[in-house]
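Everything below concerns the one structure shown next.
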Amino acid sequence: MKNFCFKTEQTIRLDEFLRKNLSLQISNENFSNSKLRRLILAGVVFVNGKQIRRPAFELRGKSTVCVEYDEEKFFYEKQPDDIQFELTEKDVLFEDEYLIVVNKPAFFPVEQTITGQRDNLHDAVVRYLWNKNKSLRNPPYCGIMHRLDRETSGVILFTKQRCVNTQIHQMFENHDFKKLYIAVCATNKNVNYKKGQKFTIQKDIGRISSKTQKTKWGSLSKQKGGLDSKTEFEILNKFCKNNLNYFVVQADLFTGRTHQIRVHLSEEGLPLLGDTLYGGVQSERIMLHANLLQFIHPQTKEELKISAPVPFILE
């Protein structure tokens, strides 16, 4: 595991600063500008202790920039068992001249990883848009506004024009998007939740695993770097099968922390089915689906309510 920290008082873009400083520490012919950008997007760059995923982020005043990454994975990442996927019209939930909303399949990453060798949903959307307008000499623009974990399926939004990026970004920052998820939880313990019951979890969470282990989040005080998180839950169904208690849960996100739903439910004694990292029962996938995205269109001011069918059985 490599760990570098730099101090600066410059006013400069994050990617430009790292290009000047990090490249002096890494002697590898594969260290390109595109790889540097993917390194930032991968979430391993921190400014004054805060994770920054924007290459264009501007450093101002006194700043400490830290980068931590696994050198072997950075340059020689082993390919996981991603599915092969090509976006078609049936996967498009909404599209106009400004936005495109698609139904993401499980086992397919949203964006490129730091090696630049994996297919991903962003590239699939670009290919889809380009095939619709083959007269374009260059790939059409497609902006990533939010993300879903590789195994999570469901509704995800991309922008088709840069002019709406600021509005969309602010809407996510201000929680003006209603985001509903459907999860299936399973446990062999007695959990006192009933069908129709609602509850809210609000706590500070952060990374609790060591830097050399797979990223795992959990309850963590603000003094140790935890961030506020809030989710409202409703038990949609409850049933027993093969000596396990199953709960179908709807999650309404108010913040967008890493693994937020997974952490909240596991610490409540309701780990997601398939989520072995957080104590869940083994399954073919993590049973989490982005079911609905509701928001006001930044240009037309029309209220959009876009949903994707749940791909697993909710007995």
Side-chain angles (χ1 to χ4, degrees), residues 13-16 18-19 30-43 53-58 77 79-80 82-150 152-173 177 179 290 293-309:
R13 279 176 51 131
L14 177 61
D15 54 355
E16 293 178 3
L18 289 177
R19 190 175 299 118
N30 293 322
F31 188 72
S32 61
N33 289 339
S34 61
K35 190 175 290 294
L36 173 62
R37 182 177 182 275
R38 290 192 294 272
L39 186 70
I40 298 171
L41 293 174
R53 291 177 179 266
R54 289 195 297 119
F57 179 85
E58 189 170 63
E77 182 182 27
Q79 295 300 307
D82 296 335
I83 63 168
Q84 291 185 336
F85 176 74
E86 204 62 47
L87 189 71
T88 63
E89 287 188 5
K90 67 179 178 59
D91 306 302
V92 177
L93 304 172
F94 173 86
E95 183 182 1
D96 66 5
E97 60 183 306
Y98 301 101
L99 309 173
I100 180 169
V101 184
V102 304
N103 186 9
K104 175 192 173 300
F107 299 106
F108 199 60
V110 168
E111 61 186 335
Q112 189 57 265
T113 58
I114 56 179
T115 59
Q117 298 171 357
R118 291 170 67 181
D119 195 14
N120 59 88
L121 188 62
H122 175 261
D123 288 353
V125 174
V126 171
R127 291 195 299 268
Y128 171 82
L129 295 174
W130 205 353
N131 284 332
K132 289 181 64 176
N133 192 352
K134 296 182 179 179
S135 63
L136 293 176
R137 297 184 63 183
N138 297 308
Y141 174 76
C142 178
I144 300 175
M145 294 290 105
H146 63 127
R147 293 160 180 81
L148 296 175
D149 289 344
R150 173 179 170 271
T152 302
S153 55
V155 183
I156 185 167
L157 175 150
F158 298 90
T159 58
K160 293 170 60 177
Q161 293 193 40
R162 290 182 176 84
C163 65
V164 297
N165 284 359
T166 299
Q167 292 169 279
I168 293 293
H169 176 73
Q170 289 176 345
M171 290 167 69
F172 275 112
E173 288 290 309
F177 278 86
K179 296 182 284 185
L293 196 62
Q294 184 174 347
F295 60 100
I296 302 298
H297 193 291
Q299 291 293 319
T300 68
K301 306 307 177 184
E302 173 190 5
E303 183 179 52
L304 299 177
K305 190 174 182 180
I306 304 168
S307 61

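Please read all numbers here as calculations on a predicted model, not as lab measurements.
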**OP:** Let me see the working for I156 and V101 under side chain to side chain contact (heavy atoms under 4.5 Å, CB included), right down to the final yes or no.
**Re:** CA-CA 6 Å; I156 185 167; V101 184; over 6 Å; no
Subject >> I168 vs L99, side chain to side chain contact (heavy atoms under 4.5 Å, CB included): CA-CA, chis, key distance, verdict >> reply: CA-CA 10 Å; I168 293 293; L99 309 173; 4.3 Å; yes
Original post:
Can you list every pair that meets salt bridge (charged side-chain N to carboxylate O under 4.0 Å, His left out) and has a residue in residues 132-145, with sequence neighbours left out?
Top reply: E95-K132
Flag the pair [X] / [Y] as yes when at least one side-chain heavy-atom distance between them is below 4.5 Å, and no otherwise.
X	Y	value
F57	D15	no
F94	V102	no
P55	L14	no
T166	P298	no

Original post:
Who passes salt bridge (Lys or Arg N to Asp or Glu O under 4.0 Å) against R54, sequence neighbours left out?
Top reply: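 Once residues adjacent in sequence are excluded, R54 has no partner under the salt bridge (Lys or Arg N to Asp or Glu O under 4.0 Å) criterion.
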**OP:** Would you please name every residue forming a salt bridge (Lys or Arg N to Asp or Glu O under 4.0 Å) with E173, sequence neighbours left out?
**Re:**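 Salt bridge (Lys or Arg N to Asp or Glu O under 4.0 Å) check on E173 returns nothing, list empty.
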Treating [X] as the side-chain partner and [Y] as the backbone partner, does any N or O pair qualify as donor plus acceptor under 3.5 Å?
X	Y	result
D91	T88	yes
N138	L136	no
H169	M145	no
K179	A290	no
E58	R13	no

Original post:
Taking 4.0 angstrom as the limit, do R150 and D82 come out as a salt bridge?
Top reply: yes
Original post:
Any ion pair linking R127 and E86 (charged N to carboxylate O, less than 4.0 Å)?
Top reply: yes
Original post:
Roughly how far, to the nearest 0.5 Å, is NE2 of H122 from CG of L87?
Top reply: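 It is 12.0 Å, given to the nearest 0.5 Å.
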Contact summary for [X] and [Y], nearest pair of heavy atoms:
X	Y	result
I296	M171	O-CE, 3.1 Å
A106	I83	O-CD1, 3.5 Å
V110	H146	CG1-O, 4.4 Å

Original post:
Would N165 and Y141 count as a side-chain hydrogen bond (donor to acceptor under 3.5 Å, both in side chains) if you check the C-alpha gap in whole Å, the side-chain angles of each, and the deciding distance to 0.1 Å?
Top reply: CA-CA 12 Å; N165 284 359; Y141 174 76; 2.6 Å; yes
Subject >> Check against side chain to side chain contact (heavy atoms under 4.5 Å, CB included), E111 and L41 >> reply: CA-CA 9 Å; E111 61 186 335; L41 293 174; 3.9 Å; yes
Original post:
Using 30° and 60° as the class limits, which term best fits the ring planes of Y98 and H297: parallel, tilted or perpendicular?
Top reply: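 Y98 vs H297 ring planes: perpendicular.
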